[in-house]
Amino acid sequence: QVQLVESGGGSVQAGGSLRLSCAASGFPFSSYCMGWFRQAPGKEREGVALIGSDGSSTYADSVQGRFTISQDNAKNTLYLQMNSLKPEDTAMYYCSATPGRGPCGSWRLSILFRYSGRGTQVIVSS
């Protein structure tokens, strides 16, 4: 049974930082394309950051240079370090996984992944 459990969300002021974590189980973590997606109220879901099984990463333009995605294959855990947070980063953040070896490819930022967690809320106040 696939499980993706996010944690680390919270409320911060603009300019602050948060680190999201995602504990994964039930699938070969190191052979999947992993990603973080977010959805703000009244808006469509958008891809934020992806990491491939080869460790390569890709980011949405809106977070490039501020967010860093990483993974620990020994712990089956995905991370998202978010710095210089802005009010427009406020959203529910979801950890997602889809089969695929090698680089994820930026095109996957706009597709629906096979598995997703329930999300963790991030609120950034000005």
Side-chain angles (χ1 to χ4, degrees):
Q1 180 182 357
V2 172
Q3 283 194 320
L4 296 167
V5 181
E6 303 94 337
S7 62
S11 296
V12 296
Q13 289 192 327
S17 298
L18 283 174
R19 188 193 195 203
L20 306 184
S21 299
C22 171
S25 61
F27 64 97
F29 180 78
S30 61
S31 300
Y32 270 51
C33 172
M34 300 295 299
W36 289 97
F37 293 76
R38 67 186 181 187
Q39 187 165 18
K43 295 187 177 181
E44 292 187 355
R45 196 185 72 136
E46 64 171 335
V48 175
L50 308 176
I51 186 165
S53 64
D54 63 347
S56 61
S57 58
T58 188
Y59 299 90
D61 290 344
S62 58
V63 306
Q64 182 76 47
R66 299 187 297 121
F67 291 10
T68 302
I69 189 171
S70 62
Q71 63 185 33
D72 186 332
N73 289 337
K75 296 181 178 180
N76 280 10
T77 302
L78 181 72
Y79 303 100
L80 184 68
Q81 178 66 44
M82 305 186 295
N83 298 329
S84 302
L85 282 161
K86 304 175 181 180
E88 51 264 43
D89 295 318
T90 295
M92 185 71 79
Y93 282 72
Y94 300 91
C95 169
S96 297
T98 203
R101 292 184 177 270
C104 280
S106 60
W107 61 275
R108 282 198 170 103
L109 284 169
S110 57
I111 69 166
L112 186 64
F113 275 32
R114 181 173 294 183
Y115 306 112
S116 285
R118 293 188 175 185
T120 185
Q121 181 71 51
V122 172
I123 299 173
V124 184
S125 58
S126 57

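The structure presented is a predicted model; accordingly, all values stated were derived computationally and were not measured.
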Acceptor/donor pairs from residues 118-125 side chains to any protein atom, 3.5 angstrom cut, sequence neighbours excluded:
unit_1, atom_1, unit_2, atom_2, d
Thr120, OG1, Gly9, N, 3.1
Gln121, NE2, Ala91, O, 3.2
Ser125, OG, Val12, O, 3.4

Can you list, pair by pair, the side-chain donor-acceptor contacts under 3.5 Å of residues 19-33, counting residues two or more places apart and other chains?
unit_1, atom_1, unit_2, atom_2, d
Ser31, OG, Arg101, NH2, 3.3

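Between Phe37 and Phe113, the ring centre distance stays below 6.0 Å.
You'll find the side chain of Phe67 reaches within 4.5 Å of the side chain of Leu85, heavy atoms only. Using a 4.5 Å heavy-atom threshold, the side chains of Thr98 and Arg108 count as touching. Within the 4.5 Å cutoff, the side chain of Thr68 has no heavy atoms near those of the Tyr79 side chain. Between Arg114 and Pro99, some side-chain heavy-atom pair lies under the 4.5 Å cut-off. At least one side-chain heavy atom of Met82 sits less than 4.5 Å from a side-chain heavy atom of Tyr93.
The CD atom of Gln3 sits 12.0 Å away from the CG atom of Asn76 when rounded to the nearest 0.5 Å. In this structure, the separation between OG on Ser70 and CG on Leu80 is 8.0 Å, given to the nearest 0.5 Å. Atoms CG and OG, on Leu4 and Ser116 in that order, are 7.0 Å from each other to the nearest 0.5 Å. Here CG of Leu109 is found 14.5 Å from CH2 of Trp36. Values are rounded to the nearest 0.5 Å. Considering CG of Asn73 and OG of Ser53, their distance stands at 9.0 Å, rounded to 0.5 Å. One finds the SG atom of Cys104 at 7.5 Å from the CD1 atom of Ile69 (value rounded to the nearest 0.5 Å).
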task = Check the pair Gln71 / Met34 against side-chain contact (heavy atoms from CB on, under 4.5 Å), numbers first and verdict last.
result = CA-CA 9 Å; Gln71 63 185 33; Met34 300 295 299; 3.9 Å; yes

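Counting only distance, with no hydrogens or angles, the side chain of Glu6 and the backbone of Cys95 share a donor-acceptor pair below 3.5 Å. Side chain of Ser56 to backbone of Asp54: no donor-acceptor contact under 3.5 angstrom is found. For Arg45 (side chain) and Arg38 (main-chain N/O), no donor-acceptor pair under 3.5 Å exists by modelled atom type.
When all heavy atoms are compared, the tightest approach of Tyr59 to Ala49 is CD2-CB, 3.5 Å.
Under 3.5 Å, the side chains of Ser17 and Asn83 contain a donor-acceptor pair of N or O atoms.
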